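For reference, the structure discussed in these notes is given below.
What's counted below: heavy atoms across the whole structure, side chains too, no hydrogens, waters or symmetry copies. Small disclaimer: the values here were computed from a predicted structure and weren't measured.
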Amino acid sequence: MNLPENTFKRRLLAGEPQIGVWATIPDASVVEAMAGAGFDWILIDTEHTPVEVSTIPGLLQAAAPYATSAIVRPVVNDTALVKRHLD
């Protein structure tokens, strides 16, 4: 099985400019609206917002149908927490 191309990473490595937005509201409809607005990336911030680990899957699912890259910023650089986000 081939994984889809990671356009966000490819464009970073190529030095291409990208325009993104930070999602700070834990609501899938807000993330979906941002994803549909044409941003290259959306950063879902759990460090300075009320976004919890349990809400991340729904927010990622809301962005998934769109051509935007979703990034999650953990609240702390903790191995166990990062593993929970990756799960």
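- With a 6.0 Å radius and a threshold of 12 heavy atoms from other residues, nucleotides or ligands, Asn77 has its CG atom at or below the threshold.
- Of all heavy-atom pairs spanning Ala28 and Ala62, the tightest one is O-CB, 3.4 Å.
- Residue Thr7 holds its OG1 atom at 9.5 Å from CD of Glu16, rounded to the nearest 0.5 Å.
- In the displayed structure, Glu52 atom CD is contacted under 6.0 Å by at most 12 heavy atoms of other residues, nucleotides or ligands.
- You'll find the side chain of His85 reaches within 4.5 Å of the side chain of Thr46, heavy atoms only.
- Considering every non-hydrogen atom in both Thr68 and Ala35, the closest pair reads CG2-CB, 3.5 Å.
- To the nearest 0.5 Å, atoms CZ (Arg73) and CG (Asp45) are separated by 5.0 Å.
- Separation of atoms CG (Leu12) and CH2 (Trp41) is listed at 10.0 Å; rounding is to 0.5 Å.
- Heavy-atom minimum distance, Phe8 versus Ser69: CB-OG, 3.1 Å.
- No donor-acceptor pair closer than 3.5 Å links the side chain of Thr55 to the backbone N or O of Pro26.
- Grouped by direct or indirect side-chain proximity (heavy atoms under 4.5 Å, Ile/Leu/Val/Met/Phe/Trp/Tyr only), Val21 sits with Ile19, Ile25, Val30, Val31, Met34, Phe39, Ile42, Ile44, Val51, Ile56, Leu59, Leu60, Val72.
- Within the 4.5 Å cutoff, no side-chain heavy atoms of Asn6 are placed close to those of Arg10.
- Nearest heavy atom pair, residue Arg11 against residue Asp40, reads NH1-OD1, 3.0 Å.
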